[in-house]
There are 2 protein chains.
Amino acid sequence: MYEDLKYWYLRDHKLFRTLSFGQIKQLCIIMGFKKAQKGEIIYFSASDVPRIFLLKKGNIKIVAVDEDGNETIKDIIQKGDLFGELTLEVDSQANEYAKVLSDDVAICSFLLSDFEDVLLKNPSLALSYTKFVGLKMKRIKNSYSNLISKDSKTRLSLFLKAWGETEGIRTENKIVIENYLTQNDIAQIICTSRQTATQLLNEMVANGIIGYNRKEIIINDVCSF
Amino acid sequence: MYEDLKYWYLRDHKLFRTLSFGQIKQLCIIMGFKKAQKGEIIYFSASDVPRIFLLKKGNIKIVAVDEDGNETIKDIIQKGDLFGELTLEVDSQANEYAKVLSDDVAICSFLLSDFEDVLLKNPSLALSYTKFVGLKMKRIKNSYSNLISKDSKTRLSLFLKAWGETEGIRTENKIVIENYLTQNDIAQIICTSRQTATQLLNEMVANGIIGYNRKEIIINDVCSF
DNA sequence: AGAGAAATGTCAGCTACATTGCAGTTCCTA
DNA sequence: TAGGAACTGCAATGTAGCTGACATTTCTCT
C-alpha cells in the first residue's frame, strides 16, 4: 500500500493531528495493514508481538474468554477507535480476541515498542495519549456505575442513546442506527440475559419508543429519550 | 516544610523514581502539603484549581454524590496512592470528595497545569504515567467483571484477599488487616447492601475463615483463600 | 430450493439479594 | 458518665432478572 494513503489513515485520527508531517512519516513506516471479513476472528493478545491497532473501517467486538470458556463482550470498537494494548503493558492473563461484526473491516497496527519510541520523542503526543487513555477509563467507570445503580431497562435506554449519538444518523426527530449487533450482543453489553434484553426491546417497540429489526434500530422521539 | 523532605516524599513513589534529582526538584517546588484528621472531608473536584494529590500517610475514601444525593464509594486510597484528576482532564460533572478514614492523613498535591509541564519536559515520565493510568484502568475493568460474574459472597472474599495483600501484615499462616472500614463501607465497595455484607461476614466468622471486629480483620487460612 | 444453523420470542419457576423495620452494641463527647 | 449517634445483628417479605426449555422466524450455504 502507498505511503501517502497510510499517511492519511493516521492523519485522520484526532490523536495524531498534533504531529508534524515528519513525525507521522515515522509512524507510517512502522504501520501494518490488514483487511478482514464478517465473522472473522483476529487474535491479538498473547498471539505474537504486542501491538496497538487502529480500526479504519467497520465494527468489531472485543471478546474475552474466562477459565470456564464463557465468552463476554469487553468492548465494541467503531471506526476510528484504537484497540489492543492501549495501556502500553502486556497482560498475559487476558485471553481476548476481536470478532468482525460488519461486512468487512480495515485495520492498521504498529508494534507497541515502536509506538513507545515515538511517544518518547514526542512529549505532546505522549500527553494527548495519556488523556486519551484517561478518557477511556472514565467511560469504563461510567458504565460501571450504571451497572450498580440502574436497572436493566434504564441500562438498555442509556446504551441505545449512547449508540445513537456516536453512530446514528439523525433525521427530523428520529435517529437511525445501523444494527450490526444481535440481541445477545446487546444483552451482554448491558450485562443482562438474552431473554431479558429481548423482552425489554419488544416492550420498547410496543410502546412506540423505538423501531427494531435485524438491520436497523430507530429511536423515535429523540427528546424524550 | 523542608525541601529535602518534600524530595523524599516524591522520591518514594515508584512513578517518580526514573526522574533525576533536578527533575524532582522541579516537581517539589510546585508541591503543596496538607494534614487532616479522621472524618474530615476534602473537596477536590470542582472546588478550585484542578490538582493531583499524593496520599503520603493514612487512608481516605473517595465518595461521589449523585443527583439524588446518594453517596457511593468510588475508591479507597491507601498510603502512596495518587488521586484527583488523574486523567489530566477536569470533568465538571463529577461531584466527588475525599473523606479521611484513618486517624490522620498527610497529603501532597500539585497543580494539574504544572504537572503537565513536567510531563512535557520528561517524556519517560509521561510514558510511566500513561502506564500507571493504564494499570488503574485494568484494576477497574477487573472489579467490573467481578461485579458481573461473581456473587456477593465471592466478591467479599476477593475484596478481603486483595485488601490483605496490599495492607495486611502476615504472621505464620494468617493475615492481619487494620480495619478502618465499617461494614457499610465494605458493602458499598463490593456493591451490595449493608445487611448482606453483615450476614456474609458473620457467616465467614462462624465458619472460621476469618476473625472480625471493628479494629481488625484476620484471615485465618491464607492458602485456602 | 431445502436443510441446518443462528437468532428471536415466550413462559414458568426459582434464587440471590434488596428493602423494611427494629433491637442490641459500641463509640464519642460534653 | 450519661446520652445520643453511629454501627452491627436479625428476621420477614418482596421482586428483578436468571435459568432452562421450547417454538418460531430468519439467515446462510450448498
Side-chain angles (χ1 to χ4, degrees), chain A residues 37-41 61 63 68 70-73 99-104 146-159 178-207 210-217, chain B residues 37-41 61 63 68 70-73 99-104 146-159 178-207 210-217:
Chain A
Q37 302 297 307
K38 189 169 189 168
E40 230 174 287
I41 286 174
K61 62 177 175 183
V63 181
D68 307 336
N70 299 318
E71 302 199 336
T72 46
I73 293 184
K99 188 165 184 182
V100 179
L101 292 175
S102 49
D103 285 339
D104 59 336
N146 279 345
L147 200 60
I148 298 161
S149 55
K150 318 270 199 253
D151 63 3
S152 58
K153 192 173 184 173
T154 317
R155 292 205 302 271
L156 178 59
S157 292
L158 287 172
F159 166 69
E178 189 210 333
N179 180 20
Y180 48 81
L181 297 173
T182 66
Q183 293 188 354
N184 198 10
D185 287 336
I186 294 174
Q188 282 193 54
I189 291 167
I190 62 168
C191 291
T192 186
S193 67
R194 202 220 82 223
Q195 289 88 329
T196 307
T198 302
Q199 203 172 295
L200 290 172
L201 280 169
N202 290 338
E203 204 177 287
M204 290 176 90
V205 171
N207 293 340
I210 62 166
Y212 177 91
N213 64 54
R214 275 142 123 125
K215 292 281 172 213
E216 59 182 19
I217 297 175
Chain B
Q37 301 296 307
K38 188 169 191 169
E40 229 174 289
I41 286 174
K61 61 177 176 185
V63 182
D68 306 335
N70 300 318
E71 302 198 335
T72 46
I73 292 183
K99 188 165 185 182
V100 179
L101 293 174
S102 49
D103 285 340
D104 58 338
N146 278 345
L147 202 58
I148 299 161
S149 56
K150 318 271 198 253
D151 64 2
S152 57
K153 191 172 182 173
T154 317
R155 293 206 301 271
L156 178 59
S157 292
L158 287 172
F159 165 69
E178 189 209 333
N179 180 21
Y180 49 82
L181 297 173
T182 67
Q183 293 189 352
N184 197 12
D185 287 334
I186 295 174
Q188 282 193 54
I189 292 167
I190 63 169
C191 291
T192 186
S193 66
R194 200 221 82 220
Q195 287 82 337
T196 307
T198 302
Q199 200 175 299
L200 290 172
L201 279 169
N202 291 336
E203 204 178 287
M204 290 176 88
V205 171
N207 293 340
I210 61 165
Y212 177 90
N213 64 54
R214 275 141 125 121
K215 292 283 172 209
E216 59 182 21
I217 297 174

Discussion item. Set out, in order, the CA-CA distance, both residues' side-chain angles and the distance that settles side-chain contact (heavy atoms from CB on, under 4.5 Å) for B:Arg155 and B:Lys150, then state yes or no.
Written reply: CA-CA 6 Å; B:Arg155 293 206 301 271; B:Lys150 318 271 198 253; 4.1 Å; yes
Discussion item. Using the rule given for side-chain contact (heavy atoms from CB on, under 4.5 Å), can you reason through A:Leu156 versus A:Leu201, listing the C-alpha separation, both sets of side-chain angles and the distance that settles it, and then say yes or no?
Written reply: CA-CA 8 Å; A:Leu156 178 59; A:Leu201 280 169; 4.1 Å; yes
Worksheet item: Going through the checks in order, is the side-chain contact (heavy atoms from CB on, under 4.5 Å) test met by B:Ile186 and B:Thr182?
Response: CA-CA 6 Å; B:Ile186 295 174; B:Thr182 67; over 6 Å; no
Fill in: Worked verdict on A:Tyr180 versus A:Asp103 for side-chain contact (heavy atoms from CB on, under 4.5 Å)
CA-CA 9 Å; A:Tyr180 48 81; A:Asp103 285 339; over 6 Å; no
Protein-nucleotides 2-5 of chain C N/O pairs closer than 3.5 Å?
none

Protein and nucleotides 1-3 of chain D: nitrogen or oxygen contacts under 3.5 angstrom:
none

I'd like a list of close polar pairs between nucleotides 16-18 of chain D and the protein, N/O only, cut-off under 3.5 Å.
unit_1: D:dG17; atom_1: OP1; unit_2: A:Ser152; atom_2: N; d: 2.8
unit_1: D:dG17; atom_1: OP1; unit_2: A:Ser152; atom_2: OG; d: 3.4
unit_1: D:dG17; atom_1: OP2; unit_2: A:Ser152; atom_2: OG; d: 3.1
unit_1: D:dC18; atom_1: OP1; unit_2: A:Thr192; atom_2: OG1; d: 3.2
unit_1: D:dC18; atom_1: OP2; unit_2: A:Thr192; atom_2: OG1; d: 2.8
unit_1: D:dC18; atom_1: OP2; unit_2: A:Ser193; atom_2: N; d: 2.9
unit_1: D:dC18; atom_1: OP2; unit_2: A:Ser193; atom_2: OG; d: 2.7
unit_1: D:dC18; atom_1: OP2; unit_2: A:Thr196; atom_2: OG1; d: 2.7

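Among residues two or more places apart in sequence or in another chain, the side-chain hydrogen bond (donor to acceptor under 3.5 Å, both in side chains) test is passed with A:Asp151 by A:Thr154. Applying the ring-ring contact (aromatic ring centres under 6.0 Å, His included) rule to B:Phe159 yields the partners B:Trp163; only residues at least two apart in sequence or on another chain are considered.
One interatomic measurement links the two molecules: CD of A:Gln188 to C1' of C:dA7, which rounds to 14 Å at whole-angstrom precision. Rounded to an integer number of Å, the gap from CD1 of B:Ile186 to P of D:dT8 is 8 Å. In this entry the distance linking CG of A:Asn213 with C1' of C:dA6 reads 17 Å, nearest Å. What separates CG of B:Asn202 from C1' of D:dT8 is a distance of 8 Å, to the nearest Å. Between A:Leu101 atom CG and C:dA6 atom P the separation is 16 Å, expressed in whole Å. Rounded to whole Å, the distance from CG on B:Leu156 to C1' on C:dA16 is 15 Å. We find that CG of B:Asn184 is positioned 12 Å from P of D:dA6, with the value rounded to whole Å. Per the geometry, CD belonging to B:Glu203 stands 18 Å off P belonging to D:dT8, to the nearest Å.
In this structure, the side chain of B:Asn179 does not engage the main chain of B:Tyr212 through any donor-acceptor pair within 3.5 Å. Not one N or O on the side chain of B:Arg194 forms a donor-acceptor pair closer than 3.5 Å with the backbone of B:Gln183.
Using a 4.0 Å heavy-atom criterion, one finds that A:Gln195 contacts the bases of the nucleic acid, with or without backbone contacts as well.
In this structure, B:Asn146 CG and B:Ser157 OG are separated by 11.0 Å, a value rounded to the nearest 0.5 Å. Atom CG of A:Leu181 and atom CD of A:Gln188 lie 10.5 Å apart (nearest 0.5 Å). Between A:Ser152 atom OG and A:Ile190 atom CD1 the span is 6.0 Å, to the nearest 0.5 Å. Atom CD1 of A:Ile210 is separated from atom CD1 of A:Ile217 by 6.0 Å, given to the nearest 0.5 angstrom.
Of the two residues near DNA chain D, B:Thr182 and B:Gln199, the one whose nearest nucleotide lies more 5' is B:Thr182.
Look at B:Asp104 and B:Lys38 and you find no salt bridge, because none of the NZ, NE, NH1 or NH2 atoms lies under 4.0 Å from a carboxylate O.
The 12-atom threshold is exceeded at CD of A:Gln195, counting heavy atoms of other residues, nucleotides or ligands nearer than 6.0 Å.
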Response to the item:
For nucleotides 25-30 of chain D, 5' to 3', base contacts (B), sugar-phosphate-only contacts (S) and non-contacts (-) with protein non-hydrogen atoms under 4.0 Å give -S----
